[in-house]
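Both counts, for ligands and for their atoms, begin at 1 and track the order of listing.
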Amino acid sequence: MAKDFARMEDSNPSANPTIHEVSDPKRRMLVQGGLAAAIAGLFGPLAGCATTGSSGNVSGLGRAIGFKSVPMAAVDTVVVPEGYSTQVLYRWGDPTGIAGAMPAFKTDGSNTAEEQALQAGMHHDGMAFFPIEGSNRGLLVLNHEYVDDGLLHADGMKTWTPEKVRKSMNAHGVSVIELQRDGAGKWTQLAPSRFARRVTALTPMTLTGPAAGHAMLRTAADPSGTQVLGTFNNCANGHTPWGTYLTCEENFADYFEGTDTPDAHQKRWGIKKGNGAKYRWHEHEARFDVSKHPNESNRYGWVVEIDPQDPTSTPRKRTALGRAAHEGAATALTNDGRAVIYMGEDSRFEYIYKFVSRDAVKPGGAAANRDLLDHGTLYVARFDVDGTGEWLPLVQGKGGLVADKGFVTQGDVLIKARQASDLLGATKMDRPEWTTVDPLTKEVYCTLTNNSNRGGAGQPFMDAANPRSNNTMGQIIRWKETGDLDATKFAWNHLVLAGDPKQTRYEAQGNIKGDTFGSPDGLMVDARGVLWIETDVSTSTLGKGEYANMPNNQMLACDPTKGEIRRFLLGPAGCEITGLTATPDLRTLFINIQHPGEPANERSDPDRPLAVSKWPDGAGRPRSATIAITKNDGGVIGT
Ligand code: FEO
Ligand code: CA
Ligand code: CA
Ligand code: CA
């Protein structure tokens with residue numbers, strides 16, 4: 001989500017690190033041009049890379065971008081290039097497809113809490129397609145990050161009741177739906193489907209891994225410290241080679257009403273008095289009142305693994321991956337088959353993490369790899385000024401993570417991953433959002449969406465990886481491991497510092513070849529090596545100030561070998577573009593339109609729900625929805 005209006009988490013007072021120099025020009029290869037030569041020196045040759053078997057026949061197509069750029073404009077629809085079509089699927093309130101329980105959406109927002117638990121939630125975000133019959137039938141699994149209570153209830157928040165809190169909780173979480181493509185390329189949601197499922201903020205799930213059962217995870221309702229109700233603020237995602245979905249708990253602190261006297265741990269995690277004002281769950285669900293239940297918030301901020309093939313399976317919160325305001329979890333494999341998961345923590349001055357599993361992935365799908373993510377090593381990134389970096393192990397007993405610093409067990413390290421990363425001297429980043437691994441080169445990309453506090457009074461100074469003060473536009477950083485993906489050293493540079501050269505006051509702008517953008521968030525390198533970039537400019541900022549020439553959020557395609565970035569899509573008014581997944585044949589791209597019609601203060605007026613946008617129905621209420629994008633000639637998207 002965009003975070004200008006919401007209480008902006010800003011909880012890292014640590015002093016690390018101050019060793020970096022500012023704006024090392026070697027770090028901005030693409031921006032400065034000369035990419036090919038620079039890449040050859042630092043990242044190894046890209047051209048003519050062998051394609052991997054897992055990419056199928058599309059990986060041989062090359063990265064060339066073939067469509068005509070979409071001009072920026074203030075629109076209230078989805079705009080794609082000539083020769084492409086879009087189809088709206090699975091809007092907020094559409095039935096998920098659970099047999100015998102498919103309540104229709106009521107356009108005035110009057111569906112009950114019970115009905116909402118059987119329908120698409122609000123504010124669609126990260127997403128993955130799991131093929132069943134090649135590219136023609138599959139499961140689409142998607143997050144419902146948060147809610148706009150002004151739209152969710154018929155009269156918004158004019159009254160506030162236990163039923164409304166339950167409806168809000170049921171509009172969060174995850175959906176599993178089944179989709180089928182016909183011969184003409186049109187998609188249909190199969191409903192009912194035996195796979196259909198809603199996971200909500202009330203779904204029972206299990207804490208697993210080294211921190212499970214830890215004293216900080218025990219509550220009055222769960223003395224075992226292993227059984228949790230629900231997941232929420234599920235932002236970006238990952239998916240594993242063994243067929244499971246990873247959903248990431250991001251701004252969980254916003255749901256817990258803190259106290260006037262937070263302890264050091266609560267302060268470091270942004271658990272403060274006033275947090276509850278946004279969602280007001282604590283008024284009717286006591287576990288969100290920190291004064292009554294101080295440990296409940298420690299049970300959120302995890303990566304949750306869900307088996308979409310089994311609607312009766314219990315979601316598992318994987319503590320070995322560490323606790324954070326998790327954005328996403330991009331998964332790849334080492335040469336010997338161990339899982340490597342890259343994770344950004346989207347808060348100002350927080351960190352980038354990597355998990356390497358102890359064991360190799362076994363054949364046999366989810367059942368055979370049920371405990372894979374419970375054993376492994378978590379690292380946090382330090383970016384050094386010379387263009388190298390190091391993964392610092394978050395392992396109890398190493399690097400000063402010892403008992404007298406508060407790290408008695410590995411559970412302490414994982415639950416207090418921020419404090420452990422502070423102690424290790426990790427690099428404080430400009431809000432790390434999505435990560436993605438290029439399947440052809442194994443380069444890893446991460447969006448650093450923006451950080452207007454960078455370089456401000458009393459705030460961390462610029463460094464080589466985060467080189468701009470008052471960074472309103474963001475950047476995309478990338479690295480290549482020194483060796484296999486489990487390496488502890490890497491080389492890094494910036495793919496691009498974002499910004500509009502007509503508007504920006506920053507140095508080193510105007511060299512992006514092609515279209516401009518700001519606040520990059522969603523990110524995916526597809527199987528042929530095209531980097532797709534989605535933006536999340538907050539609705540309080542869209543079309544204003546430095547974003548005057550960017551009235552709408554957008555998606556762009558980048559050929560990283562050429563430094564070319566081209567606008568592919570514009571979204572309707574007041575929306576964020578997010579969620580990004582493709583069929584294996586790359587002939588359908590699914591994205592999510594999140595919060596169309598969101599006003600600048602992020603809460604809609606139930607009496608004027610269409611004030612900003614009429615998308616997608618032209619009437620009723622704006623609705624987050626999934627979009628299927630196809631090429632009219634049936635070709636590969638982006639060619
Ligand atoms: Fe939910 Fe960091 O965006
Ligand atoms: Ca958003
Ligand atoms: Ca964002
Ligand atoms: Ca995001």
Should the pair D430-R468 be classified as a salt bridge under the 4.0 Å nitrogen-to-oxygen rule?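 Looking at R468 together with D430, the answer is no, because their closest N to O distance does not fall below 4.0 Å.
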Please determine if D94 and R623 form a salt bridge, counting it only when a charged side-chain N lies under 4.0 Å from a carboxylate O.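 Here D94 pairs with R623 in a salt bridge, since their nearest N and O are under 4.0 Å apart.
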R621: what forms a salt bridge (charged side-chain N to carboxylate O under 4.0 Å, His left out) with it, not counting sequence neighbours?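 Scan of R621 (salt bridge (charged side-chain N to carboxylate O under 4.0 Å, His left out), adjacent residues dropped) gives none.
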All salt bridge (charged side-chain N to carboxylate O under 4.0 Å, His left out) counterparts of K167, not counting sequence neighbours: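 Salt bridge (charged side-chain N to carboxylate O under 4.0 Å, His left out) list for K167, sorted by chain: empty.
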Return the name of the atom in [X], of element N, O or S, nearest to atom 2 (Fe) of ligand 1.
X	value
E327	OE1
D346	OD2
E433	OE1

Ring-plane angle category for H172 and W281, please: parallel below 30°, perpendicular beyond 60°, tilted otherwise.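 Judged by the thresholds at 30° and 60°, the geometry between H172 and W281 is perpendicular.
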Is NZ or CZ of R91 both nearer than 6.0 Å to the six-membered ring centre of W615 and within 45° of the ring axis?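 No - R91 does not lie over the ring of W615 by the 6.0 Å and 45° rule.
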Rounded to 10 degrees, the angle OD2 of D536 makes with OE2 of E433 at the Ca ion (ligand 3):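 Approximately 160° at the metal, rounded to tens of degrees.
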Write the atom name of the N, O or S atom in D521 that is nearest the Ca ion (ligand 3).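 The atom in question is OD2.
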For atom 1 (Fe) of ligand 1, does an N/O/S atom of E250 lie at less than 2.8 Å?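 Yes, since at least one N, O or S atom of E250 sits under 2.8 Å from atom 1 (Fe) of ligand 1.
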Taking N, O or S atoms only and a limit of 2.8 Å, check whether E145 reaches atom 1 (Fe) of ligand 1.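 Of the N, O and S atoms in E145, at least one lies under 2.8 Å from atom 1 (Fe) of ligand 1, which means yes.
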